[in-house]
Number of protein chains: 2
Amino acid sequence: MRVSTRGEYGVRAMFDLALNYGNGPIPLKAVAKRQLVSETYLEQLLGALRRAGLVSSTRGAQGGYELAHPPERITVGQIIRVLEGPITPLDCLDTDSGSGPYCGQPDQCVLRGLWKNLQDSMERVLDNTTLEDLRSKAIRLGVAQGQ
Amino acid sequence: MRVSTRGEYGVRAMFDLALNYGNGPIPLKAVAKRQLVSETYLEQLLGALRRAGLVSSTRGAQGGYELAHPPERITVGQIIRVLEGPITPLDCLDTDSGSGPYCGQPDQCVLRGLWKNLQDSMERVLDNTTLEDLRSKAIRLGVAQGQ
DNA sequence: TCATTTCCGACTAGATTCGTCGGGATTCAA
DNA sequence: TTGAATCCCGACGAATCTAGTCGGAAATGA
């Protein structure tokens, strides 16, 4: 039931880019330093987020990364899905095509309801929290580190 | 964001014991067969659940396992915690004694709120679903395998 | 041309997961 | 008292996942 560091660091990095949204590309090095994440590791994560269309990059000197959309249009759920795969407690909830609604055993549809409830409640939180929500809260608390 | 097989199989086994609650000890072998779980693996899980006080066991011939409390007094959250540890997306949410409310970085208290929301919503589902809920639903659906 | 920066694939050490295995202890029943 | 059924326990192991590192190529602005 844990988020791995991929998801955790990825959200931190995206939060950082949200705070700096509108200031042009931000070098990975700056994000890594502020968010206390290894540069080489973060490179992997931002690469995946770029390929998924959540950030855009500019190469070369004065280059860097920026959000591909305004902060209010990017949710934490999107970020987690790119970095950790589907948000689901059990794989069979997503691939119900393969094993049918019963997961192979009739009584499992009882337990399936349980796991589905859990999935829904996780997705409800993650899909309804945008980077803008996090940004405005940071500003309200006065912890937004500019640029 | 996944439940491991420990949690999944553990819930299945406890669900099975709930369906058979009141019939005396049920041998592990029977549970394993009905729930399609390896006997030797399930032995590990039921051992942990016994040490945690959720099931009781009777040794020797005609022995087996049974719920240590009525099904309405055992929640899925209890089972998961025994088999997978604390229900939390990030370790720092539980051990806030160590690193303080800021997790080392001031702006993390913003993200902390996000992860706390996620944790709360997971716990709400798991702690409010009892084995009796699952049992009565199984009976309603007619999928409860007797004995 | 040079420093900066992204991009890419390969690699690795360690932890975790998902079990298996062998044997011991206990209990009931014949 | 013997034997089958059953729980109990610790050690072991293969496969997978996690959390990165590393080396170098390509692009870009000054």
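Lettering follows sequence order; numbering is per chain, from 1. Heavy-atom basis, side chains included; hydrogens, waters and symmetry copies ignored.
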| message | Output one letter per nucleotide in nucleotides 2-14 of chain C: B when a protein non-hydrogen atom lies under 4.0 Å from the base, S when only the sugar-phosphate is that close, - when neither is. | response | --BBBBB------
| said: If the condition is side-chain hydrogen bond (donor to acceptor under 3.5 Å, both in side chains), which residues does B:Asp120 pass it with, not counting sequence neighbours? | reply: B:Lys116
| First and last nucleotide of DNA chain D touching chain B, 5' to 3', heavy-atom cut-off 4.0 Å? | D:dA5 to D:dC9
| task | Identify, with sequence neighbours excluded, every residue that meets side-chain contact (heavy atoms from CB on, under 4.5 Å) alongside A:Leu141. | result | A:Lys137, A:Val143, B:Cys109, B:Val110
| request: Quick one: which residue pairs count as a salt bridge (charged side-chain N to carboxylate O under 4.0 Å, His left out) with a foot in residues 57-82 of chain B, not counting sequence neighbours? | output: B:Arg81-B:Glu123, B:Arg81-B:Asp127
| request: Just call it for A:Thr40: base, sugar-phosphate, or nothing, with non-hydrogen atoms closer than 4.0 Å on any strand. | output: base
| Atom CZ of B:Arg6 and atom C1' of C:dC18: how far apart are they, to the nearest Å? | 10 Å
| task | Would you please name every residue forming a side-chain hydrogen bond (donor to acceptor under 3.5 Å, both in side chains) with A:Ser56, sequence neighbours left out? | result | none
| remark: Residues at least two apart in sequence or cross-chain that pass side-chain hydrogen bond (donor to acceptor under 3.5 Å, both in side chains) with B:Thr58, listed by chain then number, are none
| side-chain contact (heavy atoms from CB on, under 4.5 Å) involving A:Glu39 - partner list, sequence neighbours excluded | A:Leu28, A:Lys29, A:Ala32
| said: Less than 4.0 angstrom between a side-chain N/O of B:Tyr9 and OP1 or OP2 of C:dG19, yes or no? | reply: yes
| message | I'd like to check the side-chain contact (heavy atoms from CB on, under 4.5 Å) partners of B:Thr40; sequence neighbours left out, ordered by chain and number. | response | B:Ser38
| Axis-to-axis angle across the helix from C:dT1-D:dA30 to C:dA30-D:dT1, five pairs an end, to 10 degrees? | 10°
| note | Result for side-chain contact (heavy atoms from CB on, under 4.5 Å) between B:Ile79 and one of B:Leu126, B:Ile74, B:Leu45 points to B:Ile74
| Separation of atom CG in B:Leu83 from atom P in C:dG19, rounded to whole Å | 14 Å
| message | My understanding is that only residues two or more places apart in sequence, or in another chain, count here; which of them pass salt bridge (Lys or Arg N to Asp or Glu O under 4.0 Å) with B:Glu43? | response | none
| Who are the side-chain hydrogen bond (donor to acceptor under 3.5 Å, both in side chains) partners of A:Thr130, not counting sequence neighbours? | A:Asp133
